[in-house]
Amino acid sequence: MLKQLETIYTNALNELDTITDSDTLTIWFRQHLGKKGEITLALRSTADLPKEERAAFGQRANVIKNDLTAQYEAREDLIRQQELARNLEEGAIDVTLPGRRIPTGGLHPATQTLREIYAIWADMGFQVFRSRDVEDDDTNFTLLNIPPHHPARDMWDTFHVATPGVILRTHTSPGQIRAMHAYGENGTKPVRVILPGMCYRYEQISARSEIQFNQVEGLAVGHNIRMTDLKGTLAEFARRLFGADKRVRFRGSYFPFTEPSIEVDVECILCEGQGCPVCKYTGWLEIAGAGMVHPVVLQNGGYDPTQWSGFAFGLGPERSTMLKHGIKDIRYFWGNDLRFLEQF
Ligand code: PHE
C-alpha cells in the first residue's frame, strides 16, 4: 500500500511540473486532492488497513497531501503570473496605429438647397434678411391684408401660444413688413431681400405636408417694378435651380397680400413634361406662390403705393429638394433618420 502511495506521489509531482495553464491545473487538483482524488481516497482507506500499518501509512499520506497542496499552490501562483505577463504582452497598445475616424456630419439636404437658393438670389442682387419665427397675429395676418375673422385666414392653420396675439408664423410673408420697415427708411429707399426660415402650420402630418417647413420669401420694392419683372426674375431663378432647358409657366391665383397673384410651375424634372406620378401626369410642378405687392401691404410697410410698387414670392425649399432627388415623403426631412440624411 505504502509503495502504491509513493508511486501516486511521484507521478503527481511529475505531472504537476509539466502543467502550464490553469484549466489543466484544475483537472490535476480534482484528480489528486479533490473529494474523489487519489490522495483523498488513500487517506480514507487508512481505516481498512491492518492495525499495525495504519499509523505509518496515515502519517505518510498526510505528509504527501500537505506537500502536494503546497506544490499545487506554488504552481497556481506561477501560472497566474505567467498568464498576467502574457496578457500584458498580447494586450499591448500599438500607439503607432491610426486612430478611429470620427464621422463628420454633412449638411442637411434642406440646408444644401437653401444655400443653392441663397447663392442664386445673391447673384441677382437679393440679400438675406432674417425675420422672426415667433410672430404677432397682426404682422402675420392683419398687416398682410388679412383682417381678423377674414375667411382667408383659413388658408393657414395656425399654432397659437398661451399669450394672446402671439403665434408661430404660418409663412415667411410677415417678414415683408419687417424688411420694409428695416430697410425702407419710412418708404424712401428700395428693398431687395430674400427671407428664409421655418414656418409652422397646425396640420395633419402626411407624406405631403409637415407642421414645420422652410420657406424662402422674396421681396423687391422700388419704382416702376412690374409684373414682367416678377416673371423674368422667377423664370431666371427656376432655370438656374432646375436647369436652363426647363420651361416655366405662370398661373393666375389668389393671395390677400398680392394683386395680381400667380403660382409658378416648372416643367417636371423627372419626366421632362411627359407626365408621371410625381407631377400627377400634368407635366408641371408648382414651385412658388407670388404676385405684385398689394397696395395695402406697401402702405403698411411705410410706402406710398402711388409712387412705389413691388413684387413678392414664396418658395418651398423642401419641395424643391423632393423634386430634385425624387423624395416621396416630406416627413424624412425632420424625422432625424441618419439612413436618409447620410445619402446627401
Ligand atoms: N405666403 C404664401 C404662402 O405661404 C406664399 C406667397 C408669398 C404668395 C409671397 C405670394 C407672395 O402660401
Single-linkage hydrophobic cluster, 4.5 Å side-chain cutoff, [X] and [Y] together:
X      : Y      : value
Leu219 : Tyr183 : yes
Ile327 : Ile287 : no
Phe250 : Ile225 : yes
Val296 : Tyr303 : no
Met198 : Ile211 : yes

Over 60° means perpendicular and under 30° means parallel, so tell me whether [X] and [Y] are parallel, tilted or perpendicular.
X      : Y      : result
Phe126 : Phe311 : tilted
Trp156 : Phe141 : tilted
Tyr332 : Phe340 : parallel

Could [X] and [Y] be called an ion pair, given the rule that one side-chain N must be under 4.0 Å from one carboxylate O?
X      : Y      : result
Arg153 : Asp137 : yes
Arg80  : Asp77  : yes
Arg178 : Glu135 : yes

With distance as the sole test, does [X] use its side chain to make a donor-acceptor pair with the main-chain N or O of [Y] at under 3.5 Å?
X      : Y      : value
His171 : Asn140 : yes
His223 : Pro190 : no
Thr321 : Pro317 : yes
Thr24  : Thr20  : no
His160 : Gly165 : no
Thr111 : Leu107 : no
Asp17  : Asn14  : no

Counting only heavy atoms not in [X], do more than 12 fall under 6.0 Å of its [atom1]?
X      : atom1 : result
Gln4   : CD    : no
Arg251 : CZ    : yes
Arg249 : CZ    : yes
Tyr254 : OH    : yes
Asn186 : CG    : no
Arg54  : CZ    : yes

Yes or no on side-chain contact (heavy atoms from CB on, under 4.5 Å) for Arg115 and Gln112, after CA distance, side-chain angles and deciding distance? CA-CA 5 Å; Arg115 292 193 176 182; Gln112 290 181 29; 5.9 Å; no
Heavy-atom pair with the smallest gap, counting every atom of [X] and [Y]:
X      : Y      : result
Thr172 : Pro196 : CG2-C, 4.5 Å
Asp157 : Thr170 : O-CG2, 4.2 Å
Thr158 : Tyr202 : O-CB, 3.7 Å
Leu144 : Phe257 : O-CB, 3.4 Å
Phe129 : Ala182 : CE1-CB, 3.7 Å

Quick one: does [X]'s side chain get under 4.5 Å of [Y]'s, heavy atoms only?
X      : Y      : value
Val216 : Leu114 : yes
Ser209 : Ile330 : no
Asp67  : Tyr72  : no
Trp28  : Leu68  : yes
Leu41  : Arg44  : yes
Leu16  : Leu25  : yes

Linking directly or through intermediates, with side-chain heavy atoms under 4.5 Å: list the remaining ILVMFWY members grouped with Ile93, chain and number order. Val95
What distance separates [X] [atom1] from [Y] [atom2], expressed to the nearest 0.5 Å?
X      : Y      : atom1 : atom2 : value
Asn214 : Ser320 : CG    : OG    : 11.0 Å
Glu318 : Leu323 : CD    : CG    : 11.5 Å
Trp284 : Glu263 : CH2   : CD    : 14.0 Å

Under a 3.5 Å threshold, yes or no: a donor from one side chain and an acceptor from the other, between Asp23 and Thr26? no
Audit row: Glu38, Gln31, side-chain hydrogen bond (donor to acceptor under 3.5 Å, both in side chains) steps and yes/no: CA-CA 6 Å; Glu38 286 173 306; Gln31 275 173 1; over 6 Å; no
Kindly state whether the ring of Tyr200 and the ring of Phe159 have centres lying under 6.0 angstrom apart. no
Centre-to-centre under 6.0 Å for Phe213 and Phe333, is that the case here? no
Let me know which of Lys246, Glu116, Glu236 forms a side-chain contact (heavy atoms from CB on, under 4.5 Å) with Leu241. Glu116
I would like to know whether Phe313 and Phe237 meet ring pair (Phe, Tyr, Trp, His ring centres under 6.0 Å); could you show each step before the answer? CA-CA 12 Å; Phe313 56 83; Phe237 166 79; 7.1 Å; no
Let's go through Glu6 and Arg60 carefully: what are the C-alpha distance in whole Å and the side-chain angles of both, what is the deciding distance for salt bridge (Lys or Arg N to Asp or Glu O under 4.0 Å) to 0.1 Å, and is it a yes or a no? CA-CA 9 Å; Glu6 295 298 340; Arg60 182 63 187 149; 2.6 Å; yes
Are Asp123 and Arg240 close enough, and set up right, to give a salt bridge (Lys or Arg N to Asp or Glu O under 4.0 Å), and what steps lead you there? CA-CA 11 Å; Asp123 215 28; Arg240 290 203 198 181; 2.6 Å; yes
Just do the side-chain hydrogen bond (donor to acceptor under 3.5 Å, both in side chains) check on Asp48 and Ser45 with the steps written out, would you? CA-CA 5 Å; Asp48 305 334; Ser45 70; 5.4 Å; no
Can you check side-chain contact (heavy atoms from CB on, under 4.5 Å) on Val264 and Glu286, steps first, answer last? CA-CA 6 Å; Val264 188; Glu286 187 194 318; over 6 Å; no
Does the pair His32 and Tyr9 meet the rule for a ring pair (Phe, Tyr, Trp, His ring centres under 6.0 Å), with working shown? CA-CA 9 Å; His32 300 96; Tyr9 180 35; over 10 Å; no
Partner set under side-chain hydrogen bond (donor to acceptor under 3.5 Å, both in side chains) for Asp337, not counting sequence neighbours: Arg339
For Glu267, what residues pass the salt bridge (Lys or Arg N to Asp or Glu O under 4.0 Å) criterion, not counting sequence neighbours? Arg247
side-chain contact (heavy atoms from CB on, under 4.5 Å) between Arg169 and Arg132: does it pass, once the steps are laid out? CA-CA 8 Å; Arg169 66 175 166 196; Arg132 59 193 69 183; 5.8 Å; no
